Number of protein chains: 2
Amino acid sequence: MSDLHDHHPYAPSRIRALPSWLLGRAAARGHRLVAEALAAEGMRMMHHAVLSAVAELGPVSQADLGRTLSIDPKDMVAIVNDLQRDGLVTRTPDPKDRRKNAVEISADGERRLRRTQKLGDEANAELTAALTGAEREQLIDLLTRIALPQ
Amino acid sequence: MSDLHDHHPYAPSRIRALPSWLLGRAAARGHRLVAEALAAEGMRMMHHAVLSAVAELGPVSQADLGRTLSIDPKDMVAIVNDLQRDGLVTRTPDPKDRRKNAVEISADGERRLRRTQKLGDEANAELTAALTGAEREQLIDLLTRIALPQ
DNA sequence: GGGTTATCGTTGGGGCGACCAACGAATCCG
DNA sequence: CGGATTCGTTGGTCGCCCCAACGATAACCC
């Protein structure tokens, strides 16, 4: 088994039993897995999230996107810039409210989204590989209730 | 369904149902709550984590601390510098291995730790306020199994 | 024993995500 | 009409993570 010098990497520090710590570690691993998977399509997590939200919401303003995904307006500008540059979304001035940009997914964007959604789902399957289906459902339920405020 | 202008703050975007996304949001809230609580004592999360680990592990090298807490050696230098400057830990050369620094908690450090631990626990209680005790235990169990690798 | 390999603390640089402050333009509302 | 609000945008900060390098020291192995 383990040799003499294998001082286990963890003391059962009090820290490690705190939900906030475990959430941080689990989130870091999830982020790493998803980011690595999406990199195969040259996409990043936030870009994929925005593209997915645009596909669901139809023509939508950047501010609405930011609210639904809790993304800072500043970051949203850069993300939509990238997606537009790559031809995945269109950004047209909203005639009804000239302050707004109507962001809409393109045909290329839908094709890209289908691939990145598959990659994201696979990464999440790997993330929760140690869980049964029922446990995965319960984890989602518990997290939803914890993450809600803001 | 609901009327046209009732844009609920969230479409049930596919993204929002992914464990990786929920973990990110929940971790962000946990980090915010804990950071705000610790700020009352002028401490930051990583500083508190390191101080707590030092208290548990006794005299310990920075490298060991970094491994148990998954903290980059570069960041560990800065953290131990701060803790030492504030008189919360001592950093003495290890006579057995002169490459190592033996980091040890001080009396002031233990006093500070008692207060920050209380604050951290309270923040975690608020974080999981929507959960029953049993659900909190199960969340910890599920997260532990997910966060484990690295 | 001596040469190679590995570890420790430290410094440097960089990337990425989250967050806050401010601004002009446009819109809404009383 | 005029004040308050929203939108997109620019600017900057902060925390976490990763990679590369270095001198000093220790461990390994022939």
Side-chain angles (χ1 to χ4, degrees), chain A residues 3-5 7 9 20-21 23-36 38-39 43-50 59-67 69-84 89 91-103 147 150, chain B residues 5 7 20-21 23-36 38-39 43-50 59-67 69-84 89 91-103 150:
Chain A
D3 65 61
L4 283 175
H5 302 286
H7 37 35
S20 56
W21 183 265
L23 280 171
R25 301 316 308 166
R29 184 164 96 99
H31 181 277
R32 184 168 44 84
L33 287 174
V34 173
E36 285 173 358
L38 295 186
M43 289 278 282
R44 280 177 291 181
M45 251 189 46
M46 286 302 140
H47 291 66
H48 166 62
V50 169
V60 60
S61 72
Q62 297 180 193
D64 279 342
L65 281 174
R67 276 187 290 268
L69 295 177
S70 301
I71 295 181
D72 189 273
K74 171 191 179 60
D75 304 323
M76 185 63 69
V77 171
I79 293 173
V80 177
N81 280 346
D82 292 341
L83 294 177
Q84 185 183 32
V89 302
R91 177 156 51 176
T92 50
D94 185 338
K96 298 182 176 27
D97 185 340
R98 300 209 315 270
R99 294 171 304 178
K100 299 185 181 181
N101 286 333
V103 181
Q150 311 315 331
Chain B
H5 304 285
H7 42 30
S20 57
W21 182 264
L23 280 171
R25 298 317 308 166
R29 185 164 96 98
H31 182 278
R32 183 169 44 84
L33 287 174
V34 174
E36 285 172 0
L38 294 185
M43 289 278 281
R44 279 175 292 181
M45 253 189 44
M46 285 301 143
H47 291 65
H48 166 62
V50 169
V60 61
S61 72
Q62 299 180 194
D64 279 343
L65 281 173
R67 276 186 289 267
L69 295 177
S70 302
I71 295 180
D72 190 274
K74 174 188 180 63
D75 303 322
M76 184 64 68
V77 172
I79 293 173
V80 177
N81 280 347
D82 292 341
L83 294 177
Q84 186 183 31
V89 303
R91 178 156 51 175
T92 51
D94 184 338
K96 297 181 177 26
D97 186 339
R98 302 211 311 272
R99 294 170 304 179
K100 300 185 181 179
N101 286 333
V103 182
Q150 306 316 328

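Side chains are part of it too, since the values below use all heavy atoms of this structure and drop only hydrogens, waters and symmetry mates. Here the structure is a predicted model, which is why all the values come from computation and not from measurement. Order of the sequence lines fixes the chain letters, A, B, ..., with proteins taken first and strands second; residue numbering starts at 1 for each chain.
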Colleague: Take the protein atom NZ of A/K96 and the nucleotide atom C1' of C/dA26, then report the distance between them rounded to whole Å.
Modeller: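 Atom NZ in A/K96 sits about 16 Å away from atom C1' in C/dA26.
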
Colleague: Tell me what A/M76 touches on the nucleic acid: a base, only sugar-phosphate, or nothing, going by heavy atoms under 4.0 Å.
Modeller: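 The residue A/M76 makes no contact with any strand.
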
Colleague: Without decimals, in angstroms, what is the distance between A/N81 CG and D/dG8 C1'?
Modeller: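 Going from A/N81 (CG) to D/dG8 (C1'), I get 10 Å.
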
Colleague: Hey, does the side chain of B/D72 reach the backbone of B/K74 with a donor-acceptor pair shorter than 3.5 angstrom?
Modeller: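 Side chain of B/D72 to backbone of B/K74, a donor-acceptor pair under 3.5 Å: yes, one is there.
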
Colleague: Quickly work out the B/K100 NZ to C/dA6 P distance and round it to whole Å.
Modeller: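 The distance from NZ of B/K100 to P of C/dA6 comes to 17 Å, rounded to the nearest Å.
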
Colleague: Could you tell me whether the phosphate oxygens of C/dT10, OP1 or OP2, come under 4.0 Å of any side-chain nitrogen or oxygen in B/Q62?
Modeller: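 The answer is yes; a side-chain N or O of B/Q62 sits under 4.0 Å from OP1 or OP2.
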
Colleague: With a 4.5 Å cut-off on side-chain heavy atoms, are B/R25 and A/S70 touching?
Modeller: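 A side-chain contact under 4.5 Å exists here.
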
Colleague: B/I79 CD1 to D/dC14 C1': how many Å, rounded?
Modeller: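 Checked: the CD1 to C1' distance equals 14 Å.
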
Colleague: How many whole angstroms separate atom CD1 of A/I71 from atom P of D/dT9?
Modeller: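 Checked: the CD1 to P distance equals 15 Å.
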
Colleague: Using a cut-off of less than 4.0 Å, is there contact between a side-chain N or O of B/R67 and OP1 or OP2 of C/dC8?
Modeller: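 Answer is yes, contact under 4.0 Å.
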
Colleague: If the cut-off is 4.0 Å, is A/R99 near the phosphate of C/dT27, judged by side-chain N/O to OP1 or OP2?
Modeller: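 Indeed not, no polar side-chain atom of A/R99 lies that close.
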
Colleague: What's the CG-P distance between B/D75 and C/dT11, to the nearest Å?
Modeller: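 Atom-to-atom, B/D75 to C/dT11, this comes out as 13 Å.
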
Colleague: Starting at CZ of B/R25 and ending at C1' of C/dG17, how long is that distance when rounded to a whole Å?
Modeller: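 The distance from CZ of B/R25 to C1' of C/dG17 comes to 11 Å, rounded to the nearest Å.
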
Colleague: Answer yes or no: does a side-chain N or O of B/R44 lie under 4.0 Å from OP1 or OP2 of D/dG15?
Modeller: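 Yes, because at least one side-chain N or O of B/R44 sits under 4.0 Å from OP1 or OP2 of D/dG15.
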
Colleague: If we ignore hydrogens and angles and just use 3.5 Å, is the side chain of B/N81 paired with the main-chain N or O of B/V77 as donor and acceptor?
Modeller: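 Between the backbone of B/V77 and the side chain of B/N81 there is a qualifying donor-acceptor contact (under 3.5 Å).
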
Colleague: Go nucleotide by nucleotide along DNA chain C from the 5' end; which of B/D72 and B/V60 gets its closest nucleotide reached first?
Modeller: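 The answer here is B/V60.
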
Colleague: Just jot down the salt bridge (Lys or Arg N to Asp or Glu O under 4.0 Å) partners of B/R99, sequence neighbours excluded, or say none.
Modeller: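 Once residues adjacent in sequence are excluded, the partners of B/R99 under the salt bridge (Lys or Arg N to Asp or Glu O under 4.0 Å) criterion are B/D97.
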
Colleague: Where the side chain of A/R98 is concerned, which of C/dT27, D/dT10, D/dA26 is the nearest nucleotide?
Modeller: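 It is C/dT27.
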
Colleague: Under a 4.0 Å threshold between the charged nitrogen and the carboxylate oxygen, would B/D82 count as salt-bridged to B/R44?
Modeller: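 Counted as a salt bridge, because a side-chain N and a carboxylate O are separated by less than 4.0 Å.
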
Colleague: So, is B/N101 near the phosphate of C/dT10, with a side-chain N or O under 4.0 Å from OP1 or OP2?
Modeller: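 Checking C/dT10 against B/N101, a side-chain N or O does come within under 4.0 Å of OP1 or OP2.
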
Colleague: Under 4.0 Å between a side-chain N/O of A/H31 and OP1 or OP2 of D/dC17, yes or no?
Modeller: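 Answer no for this pair, as no side-chain N or O of A/H31 is under 4.0 Å from OP1 or OP2.
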
Colleague: Both A/M45 and B/A102 contact DNA chain C. Taking the nearest nucleotide for each, which residue is further toward the 5' end?
Modeller: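 With A/M45 and B/A102 compared, the 5'-side residue is B/A102.
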
Colleague: Counting only side-chain nitrogens and oxygens, does A/R91 get under 4.0 Å of the OP1 or OP2 atom of D/dT9?
Modeller: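 The answer is yes; a side-chain N or O of A/R91 sits under 4.0 Å from OP1 or OP2.
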
Colleague: Send over the distance from B/R29 CZ to C/dC19 P, rounded to a whole Å.
Modeller: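 Checked: the CZ to P distance equals 13 Å.
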
Colleague: Considering only C/dG13, C/dT10, D/dC7, which nucleotide approaches the side chain of B/K74 most closely?
Modeller: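 The nucleotide sitting nearest to the side chain is C/dG13.
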
